[in-house]
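For this chain, numbers begin at 1 and follow the sequence in order. Every number for a ligand or one of its atoms is a count from 1 in the order of the listing.
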Amino acid sequence: MNSLAAIPATTSGGVPILILREGAKETKGREAQRNNIMAAKLIAEIVKSSLGPRGMDKMLVDTLGDVTITNDGATILKEIDVQHPAAKMMVEISKSTDNEVGDGTTSAVVLGGALIEKAEELINKDVHPTIIVDGYRKASAKAIEILNKISEKINANDRTWLLKIAKTSMQTKLVSREAQELADVVVDAISQVAEEINGTFKVDIDDVKVEKKAGGSMRDTKMIKGIVLDKEVVHGGMPKRVEKAKIALLNAPLEIEKTEFEAKINISSPEQMKMFLDEENRMLKAMVDKVTGTGANVMICQKGIDDIAQHYLAKANILAVRRVKESDMNKLAKATKGRVVTNIEDLTENDLGAADLVEERKVETDKWVFIEGCKHPKAVTILVRGGSQRVVDEAERSLHDALMVTKDVLEKPAIVAGGGAPEAYAAARLTEWATGLSGREQLAVQKFAEALETIPLTLAENTGMDPIDTLTELRAKQSKGEKWTGVDVRNSKVANMHKSDVVEPLAVKEQIIKSATEAACMLLRIDDVIASSKPKEPAGPPGGGMGGMGGMGEM
Ligand SMILES: Nc1ncnc2c1ncn2[C@@H]1O[C@H](COP(=O)(O)OP(=O)(O)O)[C@@H](O)[C@H]1O
Ligand SMILES: [Mg+2]
């Protein structure tokens with residue numbers, strides 16, 4: 001290691017020039033590259049075994065001892081606390097893929113790791129990283145072009161395609177046995193919220209609310225046309241069912257606000273005490289009157305509701321719910337076409353939302369409020385059920401992926417087959433194409449093609465098939481023009497994945513390549529890592545400055 005701080009740069013007067021703060025570390029050239037490459041490969045290695053339907057799950061325990069069981073790449077990497085800056089970049093790949101398309105997060109990290117591993121082989125042969133980066137960028141563009149060419153346009157109104165896509169995404173998860181039933185729910189939900197504008201679809205994924213409750217079986221998971229709040233009606237005397245609901249949405253407490261400063265009120269007689277309480281009472285009653293005055297029969301409040309206010313609301317026959325999440329308030333406003341009012345004085349009849357039915361129902365041991373038949377029908381809730389908390393947690397994550405792929409394919413109706421078929425096909429075409437390029441760039445493109453083959457290879461490996469034999473068979477079959485031939489994981493053989501209904505959105509495959517290439521190229525261009533030291537803690541134990549980026553050198 002070489003520290004800038006220690007470089008013997010001196011002024012003519014012989015005074016050393018210090019550039020970095022004391023304790024900062026700099027790693028340069030080959031060493032910096034090697035460390036980064038190592039860290040990136042390790043991250044890819046962590047998620048690799050969870051790729052595909054036979055992928056294993058990870059059990060993650062956080063600092064508080066909470067356990068998460070998942071095989072979702074993005075979730076695994078979100079939960080583990082990585083230190084190394086290059087490892088963090090790998091985590092970013094999964095995040096960006098998750099944000100853009102929602103699925104393919106494991107594949108993106110596996111591909112990113114493979115790209116870096118292959119680049120390392122070239123670096124060891126003295127190919128300069130910038131040449132590799134240029135080659136990778138070209139290869140990435142070409143691969144996307146190839147995928148576009150082989151992709152199949154589908155009719156977005158054709159439900160069977162949407163079901164196949166949703167099912168493929170869920171087959172790789174804990175919920176695989178219920179994939180068929182859940183795919184139905186997912187496609188129902190997305191179809192309900194999709195908006196068609198001039199023949200193209202637009203989906204706002206926030207219109208689909210996912211609520212989960214442990215208990216029952218996963219098959220009980222269902223879609224509700226409306227919004228479900230995991231809250232109960234606040235007062236026993238209130239109605240539990242209101243038809244033709246007129247809903248006041250309030251982001252203000254129905255409570256007497258406590259003063260910020262300490263104040264003392266001297267009360268010297270019981271009469272005074274009574275007057276004081278009466279005044280509070282009167283103020284709360286006035287608030288409730290304001291609500292009832294608008295003609296509302298349901299009130300949903302983001303803040304608290306005082307006991308006395310509850311009593312008056314109950315007397316006025318209003319169904320009230322309190323302490324509702326802000327995100328839910330916004331969803332409610334959109335769904336019922338009401339307005340969230342922050343000052344109770346401003347509430348008018350025009351601000352009320354509407355729904356056919358608001359009802360409190362029992363979900364396991366809890367009581368939840370269902371708002372159905374909303375004015376704006378593009379709001380739905382999926383109520384996830386399953387044996388235990390961990391199961392519903394993972395089911396929720398899997399549903400997220402499935403909802404996203406269904407949205408992806410609705411918005412961009414083109415598909416490719418799964419099981420590593422498109423990756424293997426693109427790899428073969430890239431290798432052919434590379435022969436027309438100049439010497440060193442050709443090497444980089446070839447390495448890119450090899451990296452793409454990691455996807456079918458890993459699927460085979462995770463299934464217990466012989467990876468090399470599988471790849472050879474795959475290449476041979478594809479060279480005869482069977483472009484949809486991939487690794488059929490469920491039957492442990494090389495087969496036509498399109499026929500087995502394993503299909504994925506083109507958008508996901510494109511994004512996997514984009515995210516992985518971007519991160520790999522960014523990482524390969526780094527030849528200098530300068531890590532600041534942590535500011536000294538006032539009275540830390542000796543050697544307490546450990547960790548942070550200081551641990552980097554050990555990677
Ligand atoms: N039945 C199947 N046979 C073979 N491969 C499959 C099957 N179902 C899904 N896959 C493949 O599994 C990969 C996705 O695995 P997954 O664990 O969901 O990771 P990711 O986070 O990348 O989506 C894709 O390449 C997909 O084509
Ligand atoms: Mg997936």
Closest candidate by heavy atom, reference [atom], pool [options]:
{"atom": "atom 22 (O) of ligand 1", "options": "S107, A108, A495", "answer": "S107"}
{"atom": "atom 11 (C) of ligand 1", "options": "A460, P456, A417, G419", "answer": "G419"}
{"atom": "atom 4 (C) of ligand 1", "options": "D501, V487, V502", "answer": "V487"}

- Message: A side-chain contact here means heavy atoms from C-beta on lying under 4.5 Å apart; do P456 and T470 qualify?
- Response: no
- Query: W433 versus I146: any side-chain heavy-atom pair under 4.5 Å?
  - Reply: no
Check each atom of ligand 1 against the heavy atoms of [X] and keep those under 4.0 Å away; list them by number with element.
{"X": "L51", "value": "15 (O), 17 (O), 19 (O), 22 (O)"}
{"X": "G418", "value": "27 (O)"}
{"X": "V489", "value": "3 (N), 4 (C), 5 (N)"}

- Item | Per-residue contact class, S169 against ligand 1 - non-hydrogen pairs under 4.0 Å | neither
- Query: Is the Mg ion (ligand 2) less than 2.8 Å from an N/O/S atom of D401, whether that atom is in the backbone or a side chain?
  - Reply: no
- Query: Would you say ligand 1 has an N or O under 3.5 Å from any N or O of G52?
  - Reply: yes
- Query: Quick check: does D103 get an N/O under 3.5 Å from an N/O on ligand 1?
  - Reply: yes
- Value rounded to 0.5 Å, distance of CG in L452 from NZ in K509: 10.0 Å
Within less than 4.0 angstrom of ligand 1, does [X] place any heavy atom?
{"X": "M497", "result": "yes"}
{"X": "P53", "result": "yes"}
{"X": "K509", "result": "yes"}

So that I can tick it off, tell me whether [Y] and [X] are bridged by a salt bridge, with the cut-off set at under 4.0 angstrom between side-chain N and carboxylate O.
{"X": "D103", "Y": "K407", "answer": "no"}
{"X": "K477", "Y": "E473", "answer": "yes"}
{"X": "K212", "Y": "D393", "answer": "yes"}
{"X": "K334", "Y": "D207", "answer": "yes"}
{"X": "K412", "Y": "E510", "answer": "yes"}
{"X": "D488", "Y": "K493", "answer": "no"}

- Task: Please name the atom of D103, restricted to N, O or S, that is closest to the Mg ion (ligand 2).
- Result: OD1
- For atom 26 (C) of ligand 1, what is the nearest protein heavy atom, given as residue, atom name and distance? E504 OE1, 3.3 Å
